[in-house]
Amino acid sequence: MDDTDKLHIVLCQTSHPGNIGATARAMKNMGFNQLRLVNPLEFPSDHADARASGADDILQQARVFKTLEDAIADCKWVVGTSARHRNLPQPLLTPEPMAQQCLEVVNQGQNVAIIFGHERNGLTNEELSKCHVHVTIPCNPNFSSLNLAAAVQVITYTCFLAFQDTSNTLPKQYIDYDSLASQYAMESFYDHLGQTLTAIHFLEPEFPKRIMPKLRRLFSRANIETTELNILRGILKAINRQFNNNH
Ligand code: SAH
């Protein structure tokens, strides 16, 4: 099972089936596939299928629940989305830190739910009270209510970016130090390279033109592994053999 399977999008009391289809599409675009529906007005539905355009697999797998409690029973962390700030005790996050925390939870093998409310009324206070945190997508304060599927799109995109970034928690260029050639092996390679380049008259020891320091810099940048160094040594040997045969 993939980590993205641990992130569940939960739609509560959705009244327009088209929004369910558009949500499935938004999710699939961002690589998420676990959709849960709490008491939808109409589902399955042709409108949902039409708006899913190619994400029908997500609709087919979607699980329908009678209550929000049932839908989130197996989740360890629950996020409620809300267009308005409501004076409730739960902490209010922006999407980025929320997505980071979702990643932490799934990395520990646990389920996360992000819940979305009814098109007109949003999540009820009771639904919001079941969430660990609330998240609001920052936008025009005079027009802050996004279409349901558009809100799912923004939230899943933010999660997509956070989930993609896992490799960035490693150094930018991942180096497997265990496989790296030792400095001793690199020095003996540089000797071999210098001798070979001299033998074929590429390098004139009297006029070295900083060729060797530049080649050293090039090879150090490449973080050469032992197996790669063996290939380079093999190439030098072949050049030497060929050159000696011809002279
Ligand atoms: N009038 C409702 C908005 C309903 S929009 C309200 O004030 O809450 C339907 C759903 O889309 C919301 O319940 C929420 O889940 C999501 N949504 C819409 N705009 C959002 C925003 N700016 N931030 C976070 N979620 C949003």
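Remember, predicted model here, so these are calculated numbers, not experimental data. One-based numbering, in listed order, for ligands and for the atoms of each.
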[X] heavy atoms, cut-off 4.0 Å: which ligand 1 atoms fall inside?
X	answer
S145	3 (C), 4 (C), 5 (S), 19 (N)
T136	23 (N), 24 (C)
H118	4 (C), 9 (C)
F116	15 (O)
A151	11 (O), 16 (C), 17 (N), 18 (C), 26 (C)
L123	13 (O)
I137	21 (C), 22 (N), 23 (N), 24 (C)
G122	2 (C), 4 (C), 8 (O), 13 (O)

Going by distance only, is there an N or O of [X] that falls short of 3.5 Å from an N or O of ligand 1?
X	answer
N147	no
L148	no
R120	yes

Has V152 got any heavy atom lying under 4.0 angstrom from an atom of ligand 1?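 For ligand 1, residue contact (heavy atoms, under 4.0 Å) with V152 is absent.
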Aromatic rings Y190 and F219: how do their planes relate, parallel, tilted or perpendicular, breaks at 30° and 60°?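 Tilted.
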Around H47, counting heavy atoms of other residues, nucleotides and ligands shown, do more than 12 lie under 6.0 Å from its NE2?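 No, because the 6.0 Å sphere around NE2 of H47 holds 12 heavy atoms or fewer from other groups.
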Is it true that, when you exclude F65 itself, more than 12 heavy atoms of the residues, nucleotides or ligands shown sit nearer than 6.0 Å to its CZ?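 Yes, enclosed.
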Evaluate the salt bridge (charged side-chain N to carboxylate O under 4.0 Å, His left out) criterion for residues R25 and D56: first the C-alpha distance (whole Å), next the side-chain angles of each, then the deciding distance (0.1 Å), finally the verdict. CA-CA 8 Å; R25 180 179 187 177; D56 350 22; over 6 Å; no
Under the side-chain hydrogen bond (donor to acceptor under 3.5 Å, both in side chains) test against K28, which residue among T23, T156, D57, N33 passes?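 The side-chain hydrogen bond (donor to acceptor under 3.5 Å, both in side chains) with K28 is passed solely by D57 among T23, T156, D57, N33.
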[Y] and [X], any side-chain heavy atoms less than 4.5 Å apart:
X	Y	answer
L148	T14	yes
F116	C12	no
H132	K76	no

Would you tell me which option among A150, P138, A83 has the nearest heavy-atom contact to atom 20 (C) of ligand 1?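 Answer by nearest heavy atom: A83.
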For V79 and C131, run side-chain contact (heavy atoms from CB on, under 4.5 Å): C-alpha distance rounded to whole Å, both residues' side-chain angles, the deciding distance at 0.1 Å, then the answer. CA-CA 5 Å; V79 178; C131 303; over 6 Å; no
Heavy-atom distances under 4.0 Å decide this one: backbone, side chain, both or neither, for I155 against ligand 1?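 Under 4.0 Å from ligand 1, I155 contributes no heavy atoms.
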